[in-house]
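We count ligands from 1, going down the list as the structure has it; atoms in each ligand are counted the same way. Here, residue 1 is the first one in the sequence, and each next residue gets the next number. Predicted model, so just to flag it, every value in this text is computed and none were measured.
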Amino acid sequence: MKKYAILYVDDEESNLRIFRDTFRRDYTIYTALSAEEGIKILDEVKIDLVLSDQRMPGMSGVDFLKYSLEKYPEPNRILVTGFSDIEAIKDAINQAHIFQYIQKPWNRDKLHKTIENALRIYRLEEENAKQREELLRAKEVLEQKNKELLIAKEKAQESDRLKTEFLQNMSHEIRTPMNAILGFSEFLLEADDNERRKYVSIIQNSSRQLLRIIEDILEISRLVTKQVPVKVEKVCLNDLFLEQYFYFDIEAKKKNLQLYLKKAPDKASNVWIDATKLNKILSNLLENAIKYTNDGYVEFGFELKEEKIHIFVKDTGIGIKEESKSTIFKRFSQGEKGIAKRHGGLGLGLAIVKENVELLGGVISLESVEGKGSVFTITIPCRKAPEETKENSGEETNFSNTVRYKILIAEDEELNYLLIETMLKKRPEDIVILHAINGAKAIEYCEKEKDISLIFMDLKMPLMDGFEATKEIKKRYPGIPVIALTAYTTPEKLESALAAGCDDFVSKPVNKDTIDKIIDKYLTPQ
Ligand code: ADP
């Protein structure tokens with residue numbers, strides 16, 4: 001059992017000795033000949049009971065016990081005093097809150113009992129304090145648990161609210177195309193040819209919308225449960241972005257918006273990356289940018305820097321409120337209610353974007369000013385891939401078993417050029433493609449490259465237009481077929497193109513079928 005520590009202060013050494021001899025077996029005894037000495041011991045040792053004689057030179061017993069109460073309130077205090085010290089006893093009780101007083105000369109058994117009582121109370125108080133502390137700790141733990149439960153409850157309620165909202169949205173989003181499908185399929189039976197075509201197109205569009213909803217829901221659940229593997233392949237970023245451009249340019253034009261693409265400045269844009277995921281990221285952001293923009297433009301593009309692709313999608317649309325910025329990336333969450341109602345959607349697009357970006361090890365950020373527009377910026381790490389040297393080099397390459405042509409495209413708009421270039425590259429023949437950015441350059445090419453098989457000639461170009469260039473080329477090289485590329489559709493303009501010497505014309509926007517037909521018509525294998 002623990003031996004309690006008792007301090008006894010008395011200016012008479014003989015008293016101290018007797019005390020030590022009497023109680024040393026039961027307790028650890030400390031003695032001091034003055035209050036000052038007693039204070040030193042109190043400061044150094046953990047004392048469980050303090051006894052002090054009242055009459056001492058220097059500090060009195062009451063003052064010493066008062067000091068002990070103030071600095072070390074836990075151990076009980078006992079005053080040892082002569083019979084006549086009534087005033088001192090009163091002070092000791094009132095000011096030093098003593099446990100008891102003992103009159104000198106003390107009786108051994110009585111003192112022992114008093115000491116035992118004082119220590120028992122002390123022990124009980126110690127235990128009480130410990131229990132109080134444990135209770136306090138338990139209370140704190142409970143309060144913390146309570147807080148956690150509250151947060152969990154709020155989260156569950158929030159997720160419930162989001163789910164309900166999502167189901168309502170989904171029901172609305174499904175109902176709209178469903179109505180169109182059901183309604184127009186009924187009309188089909190009695191429709192004339194013209195109407196039938198229109199109705200079938202509406203039904204097809206609505207079915208595509210339905211499919212998209214299902215695909216989005218499946219996609220997000222696969223992404224969230226981490227079931228989507230990353231498949232890295234060699235990708236030409238310029239081509240990938242261009243394909244997105246061609247697809248969304250049609251959507252932008254429907255809303256009278258300009259769509260701009262900023263590609264890598266040179267052709268070095270081959271990287272190893274998961275193309276499907278990159279396409280998904282871009283298409284969702286572009287779709288939103290066009291959806292939430294009524295005037296102005298949408299611009300997107302990328303830059304390759306230090307093994308990272310930096311993508312941006314910028315619009316001059318309605319912008320996003322400060323308080324919505326952190327929530328719109330969450331599943332099923334949309335911005336403002338009114339906006340969501342007007343534009344439809346399930347609130348999955350940005351969640352799909354964010355999950356895909358993170359799957360590719362990247363980060364997404366958003367800057368937006370309400371009423372002015374938004375910029376989404378994405379950074380994804382990727383390794384550069386070697387460039388193919390054959391493409392676009394303008395150098396002739398020998399292919400023994402493929403037919404070889406040399407086609408010149410005179411076109412000042414880079415994207416229009418790239419579109420035709422892409423269509424030509426898909427042909428089975430080996431085609432060397434040359435690019436002139438104005439009429440004068442087209443003439444220069446004809447002089448330099450003697451064996452040009454065909455020219456696609458844009459009519460509206462800076463410096464020298466297509467009409468003038470065609471006249472000059474036809475004068476010097478009448479054998480080269482020149483096909484006008486034109487956005488002009490008036491009969492007068494087309495006639496002046498033919499008068500300038502063009503053999504045929506293709507109206508913009510060009511499609512692959514038309515280009516194929518022209519090639520098949522004007523080029524015979526050599
Ligand atoms: P959805 O478009 O189906 O509602 P998204 O997850 O794609 O879902 O977008 C979430 C919300 O973010 C949208 O409801 C819209 O309020 C806001 N938002 C997304 N992109 C834009 C943008 N480019 N401009 C303005 N608001 C946007």
Strictly under 4.0 Å, does any heavy atom of K291 approach an atom of ligand 1? yes
Candidate pair F312 and F376, rule ring-ring contact (aromatic ring centres under 6.0 Å, His included), full reasoning: CA-CA 6 Å; F312 72 93; F376 288 86; over 10 Å; no
Taking everything shown except I437 itself, do over 12 heavy atoms lie less than 6.0 Å from its CD1? no
Can you confirm whether E233 is buried at CD, in the sense that more than 12 heavy atoms of other residues, nucleotides or ligands lie under 6.0 Å from that atom? yes
Mind listing the closest non-hydrogen atom pair of K521 and D504 along with its distance? NZ-OD2, 3.0 Å
Under 4.0 Å from a heavy atom of L348: give me the atoms of ligand 1 that qualify, with their elements. 6 (O), 8 (O)
Judged by non-hydrogen atoms, does G317 sit under 4.0 Å from ligand 1? no
Less than 3.5 Å between some nitrogen or oxygen of I318 and one of ligand 1, yes or no? no
Number the atoms of ligand 1 from 1 as they appear, then name those within less than 4.0 Å of a heavy atom of S374, with their elements. 24 (N)
Can you find a side-chain donor-acceptor pair between N279 and E243 that sits under 3.5 Å? no
N/O separation below 3.5 Å, A351 to ligand 1: no
Using a 4.0 Å cut-off to any heavy atom of I320, which atoms of ligand 1 qualify? 18 (N), 21 (C), 25 (C), 26 (N), 27 (C)
Step through the shown structure and confirm whether more than 12 heavy atoms of other residues, nucleotides or ligands are within 6.0 Å of CE on M464. yes
With only distance considered, is F376 within less than 3.5 Å of ligand 1 through an N or O on each side? no
Under 6.0 Å from the NZ atom of K255, do we count more than 12 heavy atoms belonging to anything else shown? yes
If you compare N288, N284, I352 by their heavy atoms, the one closest to atom 20 (N) of ligand 1 turns out to be N288
